[in-house]
S.K.: 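Below is the structure I would like to discuss, written out as structure tokens.
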Number of protein chains: 2
Amino acid sequence: MITVSIVEDDDEIRQSLSMLINATDGFECISTHPDGESAVKKIPNELPDVILMDIGLPGISGIETIKRLKEKITDIDVIVLTIHENDKFVFDALCAGATGYLLKETPPLRIMESIIEVRNGGSPMSTQIARMVVTSFKLNPAPDLTQRETEVLSCLVDGMSYKMIADKLFISEETVRRHIKNIYRKLEVHSKSEAVAKAIREKLV
Amino acid sequence: MITVSIVEDDDEIRQSLSMLINATDGFECISTHPDGESAVKKIPNELPDVILMDIGLPGISGIETIKRLKEKITDIDVIVLTIHENDKFVFDALCAGATGYLLKETPPLRIMESIIEVRNGGSPMSTQIARMVVTSFKLNPAPDLTQRETEVLSCLVDGMSYKMIADKLFISEETVRRHIKNIYRKLEVHSKSEAVAKAIREKLV
DNA sequence: TTAGGAATAACCCATTTGGGTTATTTAATA
DNA sequence: TATTAAATAACCCAAATGGGTTATTCCTAA
């Protein structure tokens, strides 16, 4: 028996999800909550196996609700079920600790399969979401940077000082400074930490 | 008709995959390659819709092969098909530009479904892989750091100077220095760029 | 064959940063 | 109530960094 809680403000959706779960052998919907506050308060006592979580909730957001619940119950599986397929919502939800992310157009059968999948150590996602997630890993070629400059930028991202970079690349510290000046000009930054931040954010290395 | 190329050094696997694809209506395996070199040389002329790619190849690795192919053909879909479920291989493959990642235990039907899925804008992954990918987004609480220190660390990650942080938080530059010293001690680093690198690598902010 | 980019190297100077020390106020908690 | 942690602030000094300028060598492409 897999126990499920639902956090969803729309009465109709909440009830039909609950009915779907209870109508399926081996599943039980043990509670439903219309907002994040009551979910955060009560779910730690109810301890379901899986939570189906909406993102657009009144009061505290679904993201914040996930964060607070995961702090209290680290090993719970949260599947986001939402209409939002916006980058920010998706990545914020995953950073907060969501294990799966389904769009509301997901057919009922697929929702039930996802609950099983998440219990089996998977991370069910709608196809668009999976693509967004995978694409986010893709490295961008650092525009304009020469090969050597790219190497130096990697060293910066590794937290190395001018001296350490010089030693590693067998060149003088002055040459390192030269390369770094060129990197700053090309990336339009003015310090190591800005360069590192930009390189990582834009996945240049 | 979806056209597929296979890059796989094991003769038996390569042939059975090719047969599987050609035996399925709507799919055609237009070429197979036993190593990365020949794949990089020939696939740009063959232009399949999808490539099934092994990682453990003789000569240049599957990762490197993906990287070089994606440089030449940006809009091609590469599905990795491998026994390696090691973190490093998975993330390196995705950074190189792989769109899907299946383990070799994947049943034939699921492989064919994955080819369709990738053509429909998805990113097919084995369940374990999806979980690894999703888990990699999870933020870790910065150990020991106080709330203010965490705020300052965020500013560092944004590439801000002491002065900018002081202005933003409405405190003196000296206090910023104080916080940063404490951050360095706790994270065991000795410079801004090391702190930024560590914060991002360990997802502390 | 020559112009230009890439990589190398050096010097000057001001600013920023990193490490050490000390101290006050406030809030939490034992 | 006494203690502790967190946040605030200041000073000293040395080292690292950032910006400007100039120059040489090598290789590639026009």
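Basis for what follows: all heavy atoms, side chains included, without hydrogens, waters or symmetry-related copies. Chain A is the first sequence line, chain B the second, and so forth, proteins listed ahead of strands; every chain is numbered from 1. Since the model is a prediction, treat every value here as computed from it, not as a measurement.
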S.K.: Rounding to a whole Å, what distance do you find between A:Leu169:CG and C:dT8:C1'?
M.R.: 12 Å
S.K.: Between D:dT21, C:dT17, D:dT17, which nucleotide gets closest to the side-chain atoms of A:Tyr162?
M.R.: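 So the side chain of A:Tyr162 is nearest to D:dT17.
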S.K.: So A:Ser172, base contact, sugar-phosphate only, or nothing? Heavy-atom distance under 4.0 Å.
M.R.: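 Touches sugar-phosphate only.
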S.K.: D:dT8 C1' sits how many Å from B:Lys181 NZ, rounded?
M.R.: 13 Å
S.K.: For B:Thr146, which contact category applies under a 4.0 Å heavy-atom criterion: base, sugar-phosphate, or nothing?
M.R.: sugar-phosphate
S.K.: Can you confirm whether A:Asp54 sits close enough to A:Lys104 that some side-chain heavy atom of one is under 4.5 Å from a side-chain heavy atom of the other?
M.R.: yes
S.K.: Under a 3.5 Å distance rule, please check whether B:Asn22 uses its side chain to pair with a backbone N or O of B:Cys29 as donor and acceptor.
M.R.: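 Checked: pair present.
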S.K.: Can you measure A:Asn182 atom CG to D:dG20 atom C1' for me and round it to whole angstrom units?
M.R.: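 Computing the A:Asn182:CG to D:dG20:C1' distance gives 13 Å.
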S.K.: Between B:Arg177 and C:dT17, does any side-chain N or O lie under 4.0 Å from OP1 or OP2?
M.R.: no
S.K.: Mind calculating the distance between CG (A:Leu145) and C1' (C:dG5) to the nearest angstrom?
M.R.: 14 Å
S.K.: Tell me the interatomic distance from A:Asp144, atom CG, to C:dA6, atom P, rounded to whole angstroms.
M.R.: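 Result: 9 Å.
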S.K.: So which nucleotide from D:dG19, C:dA9, C:dT8 ends up closest to the side chain of A:Glu174?
M.R.: C:dA9
S.K.: Using a strict threshold of under 4.0 Å (side-chain N to carboxylate O), is an ion pair present between B:Asp144 and B:Arg185?
M.R.: no
S.K.: Please report the distance, rounded to the nearest Å, between CD in B:Gln147 and C1' in C:dA27.
M.R.: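 Checked: the CD to C1' distance equals 13 Å.
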S.K.: Write down the distance between CE (A:Met160) and P (D:dT17), rounded to a whole number of angstrom.
M.R.: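 Rounded to whole Å, this separation is 11 Å.
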S.K.: Tell me which nucleotide among D:dT8, C:dG20, D:dT17 gets nearest to the side chain of B:His179.
M.R.: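 From the listed options, D:dT8 comes nearest.
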S.K.: For residues A:Met125 and A:Leu102, determine if any side-chain heavy atom of one lies less than 4.5 Å from a side-chain heavy atom of the other.
M.R.: no
S.K.: Any donor-acceptor pair under 3.5 Å linking the side chain of A:Tyr101 with the backbone of A:Thr82?
M.R.: no
S.K.: In whole angstrom, give the distance that lies between atom CD1 of B:Ile180 and atom P of D:dA7.
M.R.: 14 Å
S.K.: Check DNA chain D against residues 184-201 of chain B and give the residues with a non-hydrogen atom under 4.0 Å, in numerical order.
M.R.: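 Going residue by residue through residues 184-201 of chain B, none turns out to have a heavy atom under 4.0 Å of DNA chain D.
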S.K.: Looking at B:Glu37 and B:Arg68, does any basic side-chain N land under 4.0 Å from a carboxylate oxygen?
M.R.: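 The answer is no: the pair does not qualify as a salt bridge.
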S.K.: Is a donor-acceptor contact shorter than 3.5 angstrom present between the side chain of B:Arg178 and the base of C:dT21?
M.R.: yes
S.K.: Counting N and O atoms only, with roles assigned by atom type, does the side chain of B:Thr65 sit under 3.5 Å from a partner on the main chain of B:Ser61, one being a donor and the other an acceptor?
M.R.: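 Yes.
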